[in-house]
Amino acid sequence: MDITLHNTQSGKRERFEPLVPGEVSIYLCGPTVYDFAHIGNAVPAVAFDVLVRLLRLEYPKVTFVRNITDVDDKINAAGIATGRPIRELGERYAKEYQDDIAALGVIPPDVEPRATGHIPEIVDMIETLIAGGHAYEAEGHVLFHVPSDPDYGTLAKRSLEDMLDGARVEVAPYKRDPKDFVLWKPSTPELPGWESPWGRGRPGWHIECSAMIRKHLGPVIDIHGGGSDLTFPHHENESAQSRCVNGGTPSVRYWLHNGMLTMGTGKMSKSVGNIVTIRELLSRHDGEVLRYALLSGHYRAQLMWNESLAQAQSSLDTLYQALRDTDDGSNETAASYANADTDAFPSDVVVALCNDLNTPQALAAMHALASQARRADSPESVRALRAKLLAGGWLLGILTKPVAVYFHGVGESADAMAPDVVEARIEERNAAREAKDFARADAIRDELAAGGIQLEDGRAGTRWRRV
RNA sequence: GGCUGGAUGGCAGAGUGGUCAUGCAGCGGACUGCAAAUCCGUUUACGCCGGUUCGAUUCCGACUCCAGCCUCCA
């Protein structure tokens, strides 16, 4: 099975081959923790979650690192604005982020490093850059000298002249070149800071990632990802720093970038204000529905976020309905296939994912399997197709709940009717129907409907679900 | 202005040089005391103008429009 991935560095799809046979190192830029994450922040987390699941099918050892940026001027600003300790703020929103994406079915990374835990490594790296003539100190700052790196600009594919044309930032007087960027900057007493050879200060954003990658995954890693809005300047700068520390060897072999989620006027972002938080969506929808909505578009394409999520809900329902229709009482879920052999997984789904993580095509394959499973005529083929469907669900991170929980789960509301109460009422209604007492039967149906219970009269009796 | 990437049916969204995406919605049927749900079936498409080709939504060129980045950003 060949995995192909679109590499931003080359601008092409390339066949993926790890540096060390059988071992994959993968890094994803995580959140800056100063507030609740919005649904756009979940796109790379979910996409990389699927990628890691896929890679683990093929490679015995996959090390996935996703950082948390917990020292940053936005956090400082939020701390000052709320009057709360800055460290506490970061801790809190890091936890909220972890909870949010766990609800979306994202498996925790192998290592989740914090920038604040890597100050010595950051300082080391900066010293190496200074020694190599790639960085210099000026007025308490340390700056990376962009002209010292002949390959600068090759990731974002823009020439140094292009960058100047659009420059909208005022150039600090101490910069030797307008494009030079900060590796270390001084902190005032009220701001977080660490002692360093250049005085008390804090690291720039780009160097944090470079240092954490180097420490946890080594000087050269296989895959590095993030949102396409990070390509420039964040990843370009990161790439430059690490390459210069490596003596010219690129530190990343495959760069992956996801497209932006748009809502209304354009890209969802806090500065525009057109955001919806994951937390808010989770109060109205199952996390799996959110995940399905994100997977329904290709990760590199821009996806229009539809807040109603009705389509994703209905589509996911269809897959769960197929599981319900083929229920064999085994109580298996997608999670049952977490460690299954490669041949347990549906090849159409695997092939789609191997093709630069084509999740829409993989979902189409899931619907095809669901349809086949419902129509299969022998119990053996029903069982086999159902197993494939669940295994595919594991790769995509959906179908993780028992069917009964999906349709009957009590959800958020504490006053929801308990399942045995619902079933007792259904029995009463069916007795009334038997006795042709339709007024009474309909009254019970209305009562249940008012409690959010929808009945389905079918050949095999009456089924129900919460809506 | 520069750089990147888009434009597919009512909507979302894959893909392909000639046959089918898929889902949602719609429509028809089955089932039902009725209704809903469910199940089965099904209509509708490839921005605009040229070119290459036996044949283009798919390849090439121009045009129009859109988005992202060039500032913090997933």
Side-chain angles (χ1 to χ4, degrees), chain A residues 6 8 11 28-32 34 37-48 69 72-74 77 153 156-159 161-170 179 205 225-234 236 257-262 265-272 275 292-293 295-306 308-319 321-322 324-325 352 355 358-368 370-371 374-375 432-434 436-439 441-442 445-446 449 454-460 462-465 467:
Chain A
H6 181 96
T8 307
L28 176 64
C29 282
T32 300
Y34 64 100
H38 60 73
I39 189 67
N41 298 125
V43 173
V46 168
F48 266 57
T69 299
D72 175 272
D73 287 349
K74 286 204 168 181
K157 294 180 184 50
R158 57 187 79 190
S159 67
E161 300 80 65
D162 290 342
M163 288 178 228
L164 284 182
D165 286 346
R168 283 186 246 159
V169 201
E170 250 182 81
K179 294 176 296 296
W205 176 34
S228 62
D229 53 352
L230 297 186
T231 311
F232 192 90
H234 182 53
E236 188 71 58
H257 289 100
N258 61 273
M260 297 292 104
L261 211 57
T262 62
T265 49
K267 176 183 143 183
M268 189 182 284
S269 79
K270 277 187 185 136
S271 42
V272 179
I275 64 159
Y292 190 104
L295 295 177
S296 70
H298 185 92
Y299 78 92
R300 292 206 309 119
Q302 168 177 301
L303 181 68
M304 283 175 38
W305 185 254
N306 180 347
S308 92
L309 290 171
Q311 287 195 18
Q313 173 80 61
S314 300
S315 303
L316 184 60
D317 281 357
T318 299
L319 294 179
Q321 275 149 6
R324 183 175 62 177
D325 289 348
N355 187 13
N358 193 332
T359 52
Q361 200 168 65
L363 288 173
M366 291 290 282
H367 281 279
S371 176
R374 278 191 298 244
R375 275 182 285 181
R433 289 169 74 204
E434 195 76 21
K436 307 273 187 222
D437 183 358
F438 297 123
D442 290 353
R445 181 167 67 195
D446 292 346
Q454 183 177 74
L455 300 186
E456 301 170 14
D457 293 327
R459 284 185 209 84
T462 302
R463 294 187 301 206
W464 63 281
R465 67 169 301 187
V467 289

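Below, all heavy atoms of this structure are taken into account, side chains as well, without hydrogens, waters or symmetry copies. The sequence lines fix the lettering, A, B, ..., with proteins before strands; numbering per chain opens at 1.
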Is A365(A) touching bases, backbone alone, or none of the nucleic acid, heavy atoms closer than 4.0 Å? nothing
Would you call V272(A) and K267(A) a side-chain contact if the rule is heavy atoms closer than 4.5 Å? no
On a whole-Å scale, what distance lies between the C1' atoms belonging to A45(B) and U16(B)? 14 Å
Of all the heavy-atom pairs spanning R433(A) and A441(A), show the shortest one and how long it is. CG-CB, 3.6 Å
Identify all stems in which RNA chain B takes part, counting only runs of at least 3 consecutive pairs (Watson-Crick or G-U wobble, each distance under 3.5 Å), and give each as one range with another, ordered by first number. B:1-7 with B:64-70, B:10-12 with B:22-24, B:26-30 with B:38-42, B:49-51 with B:59-61
Which atom pairs link the protein and nucleotides 64-69 of chain B when you take only N or O atoms and keep those under 3.5 Å?
{"residue": "A67(B)", "atom": "O2'", "partner": "Q302(A)", "partner atom": "OE1", "Å": "2.1"}
{"residue": "A67(B)", "atom": "O2'", "partner": "Q302(A)", "partner atom": "NE2", "Å": "3.3"}
{"residue": "G68(B)", "atom": "OP1", "partner": "K267(A)", "partner atom": "N", "Å": "2.9"}
{"residue": "C69(B)", "atom": "OP1", "partner": "K267(A)", "partner atom": "NZ", "Å": "2.2"}
{"residue": "C69(B)", "atom": "O2'", "partner": "R158(A)", "partner atom": "NH2", "Å": "3.3"}

Measure the shortest side-chain to side-chain distance between E236(A) and T231(A) over non-hydrogen atoms and say whether it is less than 4.5 angstrom. no
Atom pairs, N/O to N/O, protein against nucleotides 31-34 of chain B, distance under 3.5 Å?
{"residue": "G33(B)", "atom": "N1", "partner": "D442(A)", "partner atom": "OD1", "Å": "3.0"}
{"residue": "G33(B)", "atom": "N2", "partner": "D442(A)", "partner atom": "OD2", "Å": "3.0"}
{"residue": "C34(B)", "atom": "O2", "partner": "R445(A)", "partner atom": "NH2", "Å": "3.2"}
{"residue": "C34(B)", "atom": "N3", "partner": "R445(A)", "partner atom": "NH1", "Å": "3.0"}
{"residue": "C34(B)", "atom": "N3", "partner": "R445(A)", "partner atom": "NH2", "Å": "3.4"}
{"residue": "C34(B)", "atom": "N4", "partner": "R445(A)", "partner atom": "NH1", "Å": "3.4"}

Could you tell me which residues satisfy salt bridge (Lys or Arg N to Asp or Glu O under 4.0 Å) with R374(A), sequence neighbours excluded, listed by chain and number? none
Criterion side-chain contact (heavy atoms from CB on, under 4.5 Å) on N258(A) and F48(A), from CA distance to verdict: CA-CA 10 Å; N258(A) 61 273; F48(A) 266 57; over 6 Å; no
Checking N306(A) now: which residues fulfil side chain to side chain contact (heavy atoms under 4.5 Å, CB included) with it, not counting sequence neighbours? S308(A)
Under 4.0 Å between any heavy atoms, over every strand shown, what does G259(A) touch: base, sugar-phosphate, or nothing? Just pick one. base
Is R324(A) close to R463(A) at the side-chain level, that is, under 4.5 Å between some pair of heavy atoms? yes
Just to verify, what does A42(A) make a side chain to side chain contact (heavy atoms under 4.5 Å, CB included) with, not counting sequence neighbours? I39(A), L104(A), I278(A), L294(A)
Which residues share a salt bridge (Lys or Arg N to Asp or Glu O under 4.0 Å) with D442(A), sequence neighbours left out: R445(A)
How many whole angstroms separate atom CZ of R465(A) from atom P of A37(B)? 11 Å
Expressed in whole Å, how much space separates the C1' atoms belonging to A37(B) and G15(B)? 33 Å
Taking only the C1' atom of each, what is the distance from C59(B) to C65(B) in whole angstrom? 23 Å
Partners meeting ring pair (Phe, Tyr, Trp, His ring centres under 6.0 Å) with W464(A) (sequence neighbours left out): H408(A)
For Q454(A), what residues pass the side chain to side chain contact (heavy atoms under 4.5 Å, CB included) criterion, not counting sequence neighbours? E456(A), R465(A), V467(A)
Are Q321(A) and D325(A) close enough that a side-chain donor and a side-chain acceptor fall under 3.5 Å? no
Quick one: are P44(A) and L28(A) in side-chain contact, heavy atoms under 4.5 Å? yes
In whole Å, what separates the P atom of G10(B) from that of A21(B)? 15 Å
Can you tell if the side chain of Y34(A) reaches within under 4.5 Å of the side chain of K270(A), non-hydrogen atoms only? yes
Inter-nucleotide P distance (U57(B), C48(B)), Å rounded: 10 Å
Would you tabulate the nitrogen or oxygen pairs shorter than 3.5 Å linking the protein to nucleotides 15-18 of chain B?
{"residue": "G15(B)", "atom": "OP1", "partner": "N358(A)", "partner atom": "ND2", "Å": "3.1"}

Considering only the C1' atoms, how many Å lie between C46(B) and C11(B), rounded to the nearest integer? 16 Å
Expressed as a whole number of Å, how far does the P atom of U8(B) sit from that of U58(B)? 13 Å
With the criterion being N/O to N/O and under 3.5 Å, what pairs connect the protein with nucleotides 9-11 of chain B, and how long is each?
{"residue": "C11(B)", "atom": "O2", "partner": "Q311(A)", "partner atom": "NE2", "Å": "3.1"}

Over all strands shown, is T318(A) touching base, sugar-phosphate only, or nothing at heavy-atom distances under 4.0 angstrom? sugar-phosphate
Which part of the nucleic acid, if any, lies within contact of Q313(A), taking any heavy atom under 4.0 Å across all strands shown: a base, the sugar-phosphate backbone alone, or nothing? nothing
Is L261(A) touching bases, backbone alone, or none of the nucleic acid, heavy atoms closer than 4.0 Å? base
Nearest-Å distance for atom pair CG/P, residues N41(A) and C72(B): 17 Å
Measure the distance from CG on L303(A) to P on A7(B) and round it to the nearest whole Å. 14 Å
I need the CZ-C1' distance between R300(A) and G6(B), as an integer number of Å. 11 Å
Results of salt bridge (Lys or Arg N to Asp or Glu O under 4.0 Å) for R375(A) - residues two or more places apart only: none
C1' atoms of A35(B) and G41(B), separation to the nearest Å: 22 Å
The nucleotide from C40(B), U22(B), C24(B) with an atom nearest the side chain of S314(A) is C24(B)
